[in-house]
Amino acid sequence: MGILNRLRYWRRLKADLTARSAADIPDRLPARHGVIVGTDNHPKWLVFDCPCRRGHRVMLNLDPGHTPRWRVSATTPLTLHPSVDERSPVGHCHYVVHEGRVRWIERTDRR
Ligand SMILES: [Zn+2]
């Protein structure tokens, strides 16, 4: 892999960490790395720090028994459906993650 491709790859969002339960997720995650909580056969959550870098954590349900539910079609780099639409104290973050790239739909800064 050439250095430019390596850089592009490194910049992408990956869900390459795993945890048995949400309590096992470290307080600080490495940038651009998400955690799949649960087991391979029964993933429950996808957890990562929002790419807006305003310091809020995103927790998406992967369990088909609950709604809303997201599907991870690839973890490294990450492809996710549907879009992430988070309203948190820092604002509104709405984006699609495809092949590890974040495409913003809407982003508001609350001042
Ligand atoms: Zn955000």
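Annotation: salt bridge (charged side-chain N to carboxylate O under 4.0 Å, His left out) contacts involving residues 34-49, sequence neighbours excluded, comprise Asp49-Arg57. For residues 70-83, every residue pair satisfying the side-chain hydrogen bond (donor to acceptor under 3.5 Å, both in side chains) rule, not counting sequence neighbours, is listed here: Ser83-His94. Sequence neighbours left out, not one pair with a member in residues 20-37 passes salt bridge (charged side-chain N to carboxylate O under 4.0 Å, His left out). Sorted by first and then second residue, the side-chain hydrogen bond (donor to acceptor under 3.5 Å, both in side chains) pairs involving residues 96-105 (not counting sequence neighbours) form an empty list.
Atom NE2 of His66 has 12 or fewer heavy atoms from other residues, nucleotides or ligands within 6.0 Å.
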Query raised in the report: Going through the checks in order, is the side-chain contact (heavy atoms from CB on, under 4.5 Å) test met by Ser88 and His92?
Result: CA-CA 6 Å; Ser88 76; His92 182 197; over 6 Å; no
Query raised in the report: What's the verdict on side-chain contact (heavy atoms from CB on, under 4.5 Å) for Cys93 and Arg54, showing C-alpha distance, side-chain angles and the deciding distance?
Result: CA-CA 10 Å; Cys93 299; Arg54 288 178 290 183; 3.1 Å; yes
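No path of Ile, Leu, Val, Met, Phe, Trp and Tyr side chains, each step under 4.5 Å between heavy atoms, connects Val90 with Tyr95, placing them in separate hydrophobic clusters. By the rule that hydrophobic residues join a cluster once side-chain heavy atoms approach within less than 4.5 Å of another member, Leu60 and Val102 end up as members of one cluster.
Between Leu78 and Leu46, the closest side-chain pair of non-hydrogen atoms falls below 4.5 Å.
Cluster partners of Ile25 are Leu17, Leu29, Val35, Val37, Trp45, Val47, Met59, counting Ile, Leu, Val, Met, Phe, Trp and Tyr whose side-chain heavy atoms approach within less than 4.5 Å, directly or via other members.
Looking at residues two or more places apart in sequence or on another chain, you find a side-chain contact (heavy atoms from CB on, under 4.5 Å) between Pro43 and Ile36, Leu62.
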